[in-house]
Amino acid sequence: LNLLTSVMTGRGLKPGAQRDDPPNSRLFVVTSRSITEDELRDRFSDFGDIQGVWVVKDKQTKESKGIAYVKFARSSQACLAMEEMHGKVLMDGTKPIKVFIAQSRSSATHRDVEDEQLTRIFVMIPKSFSEEDLKNTFKEYGDIEYCVIIKNKFTGESKGLGYVRYYKPSEAALAIELCDKAYRAILAEPRTKASSTEEYKSSPTDPGIPVPSTADPGSFPVVDYRSGDFTRCLMMSTRAGLTQEQIFALFDIIPGMEYCELQRDSYGMSKGHALIRYSNLGSAVYAKEKLNGFEYPPGNRLVVNFIDDGEDRRMATQFVAAQMMAAVWNGPSTSQVSFSSVSTVPRIQTDVNLPPLKKLAPPDSKAKERLFVVFSPSPLPPDVLEDVFCRFGSLIEVHLVPGRKVGYMKYADKQCADEAMAALHGRVVNGVKMKVMLADPPREESHKRPRTY
DNA sequence: CGACGGGACGC
DNA sequence: CGACGGGACGC
């Protein structure tokens with residue numbers, strides 16, 4: 001009964017975020033001071049289920065301040081009302097009203113919520129989806145301005161994530177409300193500060209602090225090569241207008257460069273960054289350490305980061321190669337570096353008599369069995385785990401739980417998984433003891449994520 | 001003792 | 001410019 005009362009009057013709601021539940025379902029309306037709540041309710045009720053109307057009034061005089069809030073049950077309703085009512089004259093002789101999606105109460109700012117932030121959604125899609133597939137899937141909710149699938153920049157392979165830009169906020173809201181939950185559609189964050197993850201994974205080095213070009217030969221930077229953030233590919237950013245040839249010459253100082261390309265826009269102008277790939281991880285690690293923060297030309301600091309090239313992480317242990325290079329490195333004059341010693345470093349040290357490597361099962365294989373692995377004292381790198389756990393056949397993938405000392409091994413074949421467990425439980429690999437058990441079935445319910453409509 | 005649930009584009 | 005009230009459940 002109380003719930004019903006709250007819904008009908010818009011009162012009795014708990015303070016804070018509850019009032020904007022679901023998100024973007026409340027309107028901020030700038031009106032003439034003579035407009036009443038009843039008039040607003042009357043004019044806005046065509047667009048959806050109104051849960052409350054409130055005209056802000058002066059504490060003393062009780063006069064309207066010309067501001068009102070209209071709460072709808074759904075974001076799509078609020079958006080539709082905004083689209084239809086913004087600019088309307090509610091009463092002769094008064095100014096046209098302004099209608100915006102209200103900022104959440106907790107929001108610090110009072111800037112208007114832009115349509116820009118309300119028309120683009122972010123979805124999870126099958127890797128096999130083309131942009132055309134994406135468009136066809138989401139066009140039923142409204143006209144689409146464009147669709148983009150996030151792809152690996154090197155292989156072109158889809159990352160299973162996409163953006164859909166609608167023309168109207170109500171369309172994006174409808175898509176989020178109505179599309180299959182498997183797409184996990186949410187409003188996209190505005191694309192300004194160049195994404196989170198890729199940058200997040202990159203150098204913790206403060207770019208404001210110049211790094212001397214010549215590191216002391218004996219010491220090697222402390223980096224956690226187990227984090228899986230290292231690949232052979234680097235991204236170099238520069239503010240100065242460097243040429244392809246300059247960049248090539250710079251990164252070619254480190255042996256093993258096999259690809260170097262200055263990125264250009266459609267007019268052939270430099271975009272201020274270049275992609276560089278080395279033949280091995282050690283070279284890439286070393287190049288990053290040497291050239292990130294390097295001033296070239298003097299006064300222009302280069303920024304060099306790893307980028308995910310989507311390759312497997314099998315070569316991660318070649319990290320040791322970087323340390324060896326550091327040891328033998330004598331500066332740019334030394335152009336030949338022997339890697340012979342590197343190849344003799346054994347990848348895996350274990351008390352297990354390991355079968356030979358076997359191919360992985362296709363990534364889309366159905367998991368028939370999962371192993372739960374506990375590491376002590378710390379988890380092994382994923383590439384080492386893949387190397388070890390693939391040898392019993394049918395391994396689909398290794399999954400480490402971030403921040404924990406446990407992981408899951410997915411197998412396409414039960415027998416293979418059981419053999420791996422029998423062979424590896426209680427054993428030690430590279431000094432890490434492993435418990436290998438059957439994993440509990442994944443818990444089914446997982447719709448905990450708050451939805452953004 | 002040790003449990004999974006996700007997510008981001010590059011002017 | 002134009003941004004946040006009224007009222008007071010029941011573990």
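Given the structure is predicted, the values throughout are model-derived calculations rather than measurements. Residue numbers start from 1 in every chain, and the chains themselves are labelled A, B, ... in the order their sequence lines are given, proteins ahead of strands.
- Between A:I150 atom CD1 and B:dG6 atom P the separation is 17 Å, expressed in whole Å.
- Residues passing the salt bridge (charged side-chain N to carboxylate O under 4.0 Å, His left out) test with A:K57 are A:E37, sequence neighbours excluded.
- Atom pair A:Y408:OH and B:dG5:P shows a separation of 8 Å (rounding to whole Å applied).
- Applying a 4.0 Å cut-off to non-hydrogen atoms, the residues of residues 107-131 of chain A that approach DNA chain B are A:R120, A:F122, A:V123, A:M124, listed by residue number.
- Taking only distance into account, the side chain of A:R404 never meets the base of B:dC1 through a donor-acceptor pair shorter than 3.5 Å.
- Contacts of A:E419 classified as salt bridge (charged side-chain N to carboxylate O under 4.0 Å, His left out), with partners at least two apart in sequence or in another chain: none.
- Residue whose closest nucleotide on DNA chain B sits further toward the 5' end, between A:H399 and A:A188: A:H399.
- The side chain of A:E189 approaches B:dA8 more closely than any other nucleotide in the set B:dA3, C:dG2, B:dA8.
- Applying the salt bridge (charged side-chain N to carboxylate O under 4.0 Å, His left out) test to A:D351 and every residue at least two apart in sequence or in another chain returns A:R427.
- Rounded to whole Å, atom P of B:dA3 lies 11 Å from atom NZ of A:K435.
- Set against B:dC11, B:dC4, C:dG2, the side chain of A:V401 has B:dC4 as its closest nucleotide.
- Taking the side chain of A:M235 as heavy atoms from C-beta on, and the options B:dG7, B:dG10, C:dG2, the nearest nucleotide is B:dG10.
- Here the options are A:N24, A:L174, A:I176, the test is side-chain contact (heavy atoms from CB on, under 4.5 Å), and the partner is A:S76; only A:L174 passes.
- Ion pair A:D20/A:R26 flagged as a salt bridge, since at least one NZ, NE, NH1 or NH2 atom sits closer than 4.0 Å to an Asp/Glu carboxylate oxygen.
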Can you give me every donor-acceptor pair (side chain of residues 118-129 of chain A, partner residue at least two apart or in another chain, under 3.5 Å) with its distance?
residue: A:T119; atom: OG1; partner: A:D115; partner atom: O; Å: 3.0
residue: A:T119; atom: OG1; partner: A:R165; partner atom: NH1; Å: 2.9
residue: A:R120; atom: NH2; partner: A:E189; partner atom: O; Å: 2.7

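- One can place CE of A:M434 at 17 Å from C1' of B:dC1, the figure rounded to the nearest angstrom.
- Computed from coordinates, the A:K153 NZ to B:dA8 P distance equals 11 Å when rounded to whole Å.
- Neither OP1 nor OP2 of B:dC4 sits under 4.0 Å from any side-chain N or O of A:R370.
- We find that CD of A:E37 is positioned 15 Å from P of C:dC4, with the value rounded to whole Å.
- Residue-to-nucleotide contacts include a donor-acceptor pair under 3.5 Å from the side chain of A:R105 to the base of C:dG5.
- Residues satisfying the ring pair (Phe, Tyr, Trp, His ring centres under 6.0 Å) criterion with A:F47, sequence neighbours excluded, are absent altogether.
- If you measure from atom CG of A:D440 to atom P of B:dG2, you get 15 Å, rounded to the nearest angstrom.
- One finds the CD atom of A:E177 at 8.0 Å from the SG atom of A:C79 (value rounded to the nearest 0.5 Å).
- As a whole-Å value, the separation of A:F375 CZ from B:dC4 P is 15 Å.
- Closest contact between the side chain of A:Y69 and the listed nucleotides C:dG6, B:dC11, C:dA3 involves C:dA3.
- Checking B:dG10, C:dC4, C:dG2 against the side-chain heavy atoms of A:W54 singles out C:dC4 as nearest.
- Between A:H273 and B:dC11, a side-chain N or O to OP1/OP2 separation shorter than 4.0 Å is absent.
- Not a single donor-acceptor pair, N or O on each side, falls under 3.5 Å between the base of B:dG2 and the side chain of A:K405.
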